Amino acid sequence: MKPRSRAVLVVGMHRSGTSAVARGLQALNVYLGDNFLDAQPENPTGYWEDKGIVELNERVLTTLGLRWDSVAPIARNDFGRFRIWRLRAKAARYVKRTFGSQPLWGFKDPRTIRLLPFWRRLLRDSHVDDTYVVVIRNPLSVAASLFRRQAMDVATAQRLWLVHMVPYLRDLRDTPMIVVDYDLLMREPRSQLERIARTLSAPSRDETNLGEIDRFTADFLDETLRHTVFSPSDFEATTNASRLTKDAFLLLYDLATDRLEPNAPTFWSAWERIEREFMNTSSSS
């Protein structure tokens with residue numbers, strides 16, 4: 001019997017270091033395809049995003065009446081629309097054609113975390129095992145980056161962070177996942193890659209990838225491209241959104257620093273509270 005393939009999805013908010021983590025996965029022999037978006041001035045080392053995946057995600061968002069920077073939550077029932085079903089069938093064919101021959105493959109696109117019900121259903125129907133690398137970065141740094149790039153104000157950046165990170169993360173409760181903090185990756189790239197490798201049950205020191213890991217840590221990660229570094233204690237929670245953003249980030253940071261395990265009941269009970277507060281905040285805004 002042919003072994004099941006395994007997908008590794010890199011998910012997280014825009015401007016959070018998902019590109020760096022995706023490149024790290026490639027160093028661990030995770031196949032990411034060969035049809036990437038071109039590098040841009042705001043991301044000169046490349047996005048490491050498969051063009052076809054990005055196009056599919058953009059079509060799903062457009063069908064739902066959203067853009068990448070829309071702060072409106074997506075109702076779970078919306079993923080049952082007929083047009084979304086047709087897109088899921090199209091996406092399944094693309095995934096099979098692009099990645100189906102690979103035992104360990106993955107992709108990265110910040111839009112994916114908003115569309116987790118879409119992708120989880122697709123992978124389950126395709127008999128693909130799924131694993132998730134959830135990338136976080138201090139939301140203050142994310143907001144600063146979005147201001148430089150899009151002139152987005154802090155309040156909107158916080159709402160956008162919440163609408164990406166909160167609604168569907170609980171879907172991953174019983175699925176293999178690891179949380180990686182971008183600043184920790186920049187500071188300790190090898191140890192962070194080893195954390196990821198353990199979650200993937202992938203070798204991090206075999207002779208087939210040692211050279212790639214060396215290139216990733218020595219050549220790819222460029223400290224000069226990281227314009228802001230905030231500590232977790234730098235938050236000033238002056239609004240409901242900023243307080244909720246702080247609480248959610250610090251809880252995820254506990255996973256990224258291994259203070260909590262991803263299967264810890266204390267994490268998920270706290271996350272359910274954050275999810276409820278987020279939905280209450282969204283419905284009243």
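Quantities reported herein were computed from a predicted structural model and do not represent experimental measurements.
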Beyond-backbone contact of P167 with F278, side-chain heavy atoms, under 4.5 angstrom: yes
Rounding to 0.5 Å, atoms CG (L115) and CG (L87) come to a distance of 10.5 Å
Linking I/L/V/M/F/W/Y whenever their side-chain heavy atoms sit closer than 4.5 Å, directly or via other members, would F249 and F147 fall into one cluster? no
Approximate separation, where rounding is to 0.5 Å, of D69 CG and R159 CZ: 11.5 Å
Decide if atom CZ of R76 counts as having more than 12 heavy atoms of other residues, nucleotides or ligands within a radius under 6.0 Å. yes
Heavy-atom pair with the smallest gap, counting every atom of I53 and F107: CG2-CD1, 3.5 Å
Taking atom OG1 of T175 and atom CG of L172, what is their separation to the nearest 0.5 Å? 5.5 Å
Does anything in residues 245-254 pair up under side-chain hydrogen bond (donor to acceptor under 3.5 Å, both in side chains), and if so which pairs, sequence neighbours excluded? D254-R259
Aromatic ring pairing Y168/F79, orientation class (parallel under 30°, perpendicular over 60°, tilted between): perpendicular
Lys/Arg N to Asp/Glu carboxylate O, R273 vs E277, below 4.0 Å: yes
Name the atoms and distances for all side-chain donor-acceptor pairs under 3.5 Å in residues 90-98, with sequence neighbours left out.
unit_1, atom_1, unit_2, atom_2, d
Y94, OH, D50, OD1, 3.3
Y94, OH, D50, OD2, 2.5
T98, OG1, Y94, O, 2.9

Rounded to the nearest 0.5 Å, what separation is found between the CG atom of L32 and the CG atom of L104? 9.5 Å
So with a 6.0 Å cut-off around CZ of R120, is the heavy-atom count from everything else above 12? yes
Contacts of R195 that satisfy side chain to side chain donor-acceptor pair (under 3.5 Å) - sequence neighbours left out: Q192, D258
Atom CZ of residue position R124 - does it have more than 12 heavy atoms of other residues, nucleotides or ligands inside 6.0 Å? yes
Can you see which heavy atom on W68 is nearest to which on R111, and at what distance? CB-NE, 4.3 Å
Using every non-hydrogen atom in the two residues, find where I196 and V21 come nearest and quote the distance to one decimal. CD1-CG1, 4.3 Å
Evaluate side chain to side chain donor-acceptor pair (under 3.5 Å) for N138 paired with S141, printing each intermediate quantity in order. CA-CA 5 Å; N138 193 307; S141 296; 5.2 Å; no
Student check: side-chain heavy atoms of R15 and P110 closer than 4.5 Å: no
Suppose we call two aromatic rings close when their centres sit under 6.0 Å apart. Are W119 and Y132 close by that rule? no
Decide yes or no on side chain to side chain donor-acceptor pair (under 3.5 Å) for R137 and S145, but give the supporting numbers first. CA-CA 11 Å; R137 185 186 186 189; S145 181; 4.7 Å; no
On a heavy-atom basis, which atom in A248 and which in W161 lie closest, and how many Å separate them? CB-CZ3, 3.7 Å
Mind checking whether D109 and L56 have side chains closer than 4.5 Å, heavy atoms only? no
K108 versus A22, closest heavy-atom pair with distance: CB-CB, 3.8 Å
So how far is it from R114 CZ to H164 NE2, rounded to the nearest 0.5 Å? 5.5 Å
Is it possible for you to say whether L162 and V154 belong to one hydrophobic cluster, with membership spreading through side-chain heavy-atom contacts below 4.5 Å? no
Minimum heavy-atom separation for G17 and Y182, please, with both atom names. CA-CD1, 3.6 Å
Close side-chain approach of T63 and I84, heavy atoms under 4.5 Å: yes
Euclidean distance, T266 OG1 relative to E261 CD, rounded to 0.5 Å: 10.0 Å
Are W85 and L61 connected, step by step, through hydrophobic side chains (Ile, Leu, Val, Met, Phe, Trp, Tyr) whose heavy atoms are closer than 4.5 Å? no
Is any side-chain heavy atom of L160 closer than 4.5 Å to one of M13? yes
Cluster check L250, L244: I/L/V/M/F/W/Y, side chain < 4.5 angstrom: yes
Student check: side-chain heavy atoms of L169 and L252 closer than 4.5 Å: yes
